[in-house]
Asker: 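Quick one: the structure is below, questions incoming.
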Amino acid sequence: MAAASPPGKSRKPTPQSSSTDSAPRARRGYAGRSADQLAAERRERLLDAAMELFATRGYHHTPIEMLCSQARVTTRHFYEAFGSREALMMAVYEQVIAYAQQVVLQALDDYREATPEVAIEAAIRAFVRAYTDDPRYARIVCIEVVGISEPVAQRRSEVIREFVRLIELYAEDLAVRGLLPRRDFHLAGVAVAGAANELLGEWLRAPRPPDIEVVTDEILLVFRAVIMGVGPCAASGDAPGAAQRRRK
């Protein structure tokens, strides 16, 4: 599996291949770059600017003019690229989600020969790292995307359901193996997803946030309690980073 590319970093657009077609160009380029290349570069700068400003100033406190100034584009080019500030936020959100999903799938692939307990711990730790290695990602997903509009809320619900479904599939697999009683794990998955989101939100908002490894351990404890039961599924020594950390 190819390595995941973190969002919010400047990327060089892929050069467009030259064409010998006789069809006239709809737009003119500049400085040796085609119009499509220039548009792609402006789009990337807007994504980078949005990642930074939405995560630091907040979505509702970042007007389009500020985004354009940060990205060094005109308002006309902004509307050509995204059409609205909400559309730009959704593009940033989708970048972060795609990155987190890729990181989690990579962890599951890396631990595909491990026991289920080890594999799911690796996946949860990867999920937290994907959002918190750059705290802007967690800020976008857990705070700034909330309360923008009904379409954004619907997409956020879809993303949460995707995460819940991953938990359900894992629990159902354990039930097939006889390691858990058979039941509907949907609500349990919703509880774990909600707890993970709230714990990350607390980490972002707290005046003195706990170490992220402590937060990760708490998410794992919630998972074990809700899905598997705390007693039989206590962290084992062979799980990656499973030792419980004591609060000081």
Side-chain angles (χ1 to χ4, degrees), residues 1-106 129-160 162-163:
M1 184 180 293
S5 299
K9 313 295 183 186
S10 296
R11 295 165 291 277
K12 186 176 181 180
T14 303
Q16 303 293 318
S17 59
S18 60
S19 173
T20 57
D21 294 343
S22 58
R25 293 189 179 196
R27 296 181 295 172
R28 297 178 60 184
Y30 175 77
R33 300 194 297 281
S34 71
D36 287 342
Q37 284 178 295
L38 291 170
E41 290 171 6
R42 288 192 292 268
R43 188 177 192 279
E44 291 301 325
R45 293 202 302 273
L46 281 166
L47 286 167
D48 290 347
M51 177 70 76
E52 179 64 22
L53 294 174
F54 289 162
T56 55
R57 292 181 55 87
Y59 173 82
H60 294 289
H61 298 287
T62 304
I64 288 174
E65 293 76 14
M66 185 177 294
L67 289 162
C68 291
S69 176
Q70 177 91 353
R72 307 186 310 282
V73 304
T74 65
T75 53
R76 177 174 69 85
H77 286 142
F78 172 90
Y79 285 109
E80 285 179 357
F82 289 101
S84 69
R85 188 174 54 137
E86 180 179 316
L88 177 55
M89 166 56 98
M90 284 303 300
V92 171
Y93 178 65
E94 294 291 353
Q95 277 192 330
V96 175
I97 294 302
Y99 173 64
Q101 289 173 336
Q102 195 172 0
V103 168
V104 170
L105 290 174
Q106 181 66 62
R129 285 197 308 273
Y131 282 168
T132 61
D133 280 349
D134 186 332
R136 297 179 305 172
Y137 303 166
R139 182 90 191 182
I140 292 292
V141 171
C142 298
I143 296 177
E144 295 305 326
V145 80
V146 176
I148 292 177
S149 70
E150 184 58 31
V152 175
Q154 289 177 357
R155 177 55 186 146
R156 181 171 178 267
S157 294
E158 291 172 2
V159 169
I160 292 172
E162 291 167 6
F163 180 51

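For reference, positions follow the sequence shown, starting with 1. Just so it is clear, the values below take in all heavy atoms, side chains as well, and ignore hydrogens, waters and symmetry mates. Since the model is a prediction, treat every value here as computed from it, not as a measurement.
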Asker: Restricting to non-hydrogen atoms, name the atom on Leu46 and the atom on Leu88 that form the minimum distance, rounded to 0.1 Å.
Answerer: O-CD1, 4.0 Å
Asker: Between CG of Leu47 and CD of Gln95, what distance do you get to the nearest 0.5 Å?
Answerer: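 Here the rounded value is 4.5 Å.
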Asker: Decide yes or no on side chain to side chain contact (heavy atoms under 4.5 Å, CB included) for Met89 and Ile140, but give the supporting numbers first.
Answerer: CA-CA 9 Å; Met89 166 56 98; Ile140 292 292; 4.3 Å; yes
Asker: Output, in order, the C-alpha distance, side-chain angles, deciding distance and verdict of side chain to side chain contact (heavy atoms under 4.5 Å, CB included) for Tyr137 and Met51.
Answerer: CA-CA 8 Å; Tyr137 303 166; Met51 177 70 76; 3.9 Å; yes
Asker: Which heavy atom of Ala130 sits nearest a heavy atom of Ala100, and at what distance?
Answerer: CB-CA, 3.8 Å
Asker: Determine the minimum heavy-atom distance between Cys68 and Thr74, stating which atoms define it.
Answerer: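 Distance-wise, the nearest heavy atoms are SG-O, 3.9 Å.
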Asker: Any ion pair linking Glu144 and Arg156 (charged N to carboxylate O, less than 4.0 Å)?
Answerer: no
Asker: Do you know the tightest heavy-atom contact between Phe82 and Ala91?
Answerer: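 Where Phe82 meets Ala91 most closely, the heavy atoms are CE2-CB, 3.7 Å.
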Asker: Can you confirm whether Val96 sits close enough to Tyr131 that some side-chain heavy atom of one is under 4.5 Å from a side-chain heavy atom of the other?
Answerer: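 They are in side-chain contact.
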Asker: Identify the two heavy atoms, one from Ala49 and one from Gln70, that lie closest to each other, and give their separation to 0.1 Å.
Answerer: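 Of all heavy-atom pairs spanning Ala49 and Gln70, the closest is CB-CG, 3.4 Å.
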Asker: Per the side chain to side chain donor-acceptor pair (under 3.5 Å) rule, what does the pair list look like for residues 58-67, sequence neighbours excluded?
Answerer: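 Sorted pair list comes back empty.
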Asker: Using the rule given for side chain to side chain contact (heavy atoms under 4.5 Å, CB included), can you reason through Met90 versus Glu94, listing the C-alpha separation, both sets of side-chain angles and the distance that settles it, and then say yes or no?
Answerer: CA-CA 6 Å; Met90 284 303 300; Glu94 294 291 353; 3.8 Å; yes
Asker: With side chain to side chain contact (heavy atoms under 4.5 Å, CB included) as the test, would you mind laying out the steps for Val141 and Tyr93 before giving the verdict?
Answerer: CA-CA 7 Å; Val141 171; Tyr93 178 65; 4.1 Å; yes
Asker: Is there a side-chain contact between Asp48 and Glu52 in this structure, where contact means two heavy atoms from C-beta onward sitting under 4.5 Å apart?
Answerer: no
Asker: Which heavy atom of Ala55 sits nearest to which heavy atom of Arg139, and what is that distance?
Answerer: O-CG, 3.4 Å
Asker: What distance do Gln102 atom CD and Gln106 atom CD have between them, rounded to the nearest 0.5 Å?
Answerer: 8.0 Å
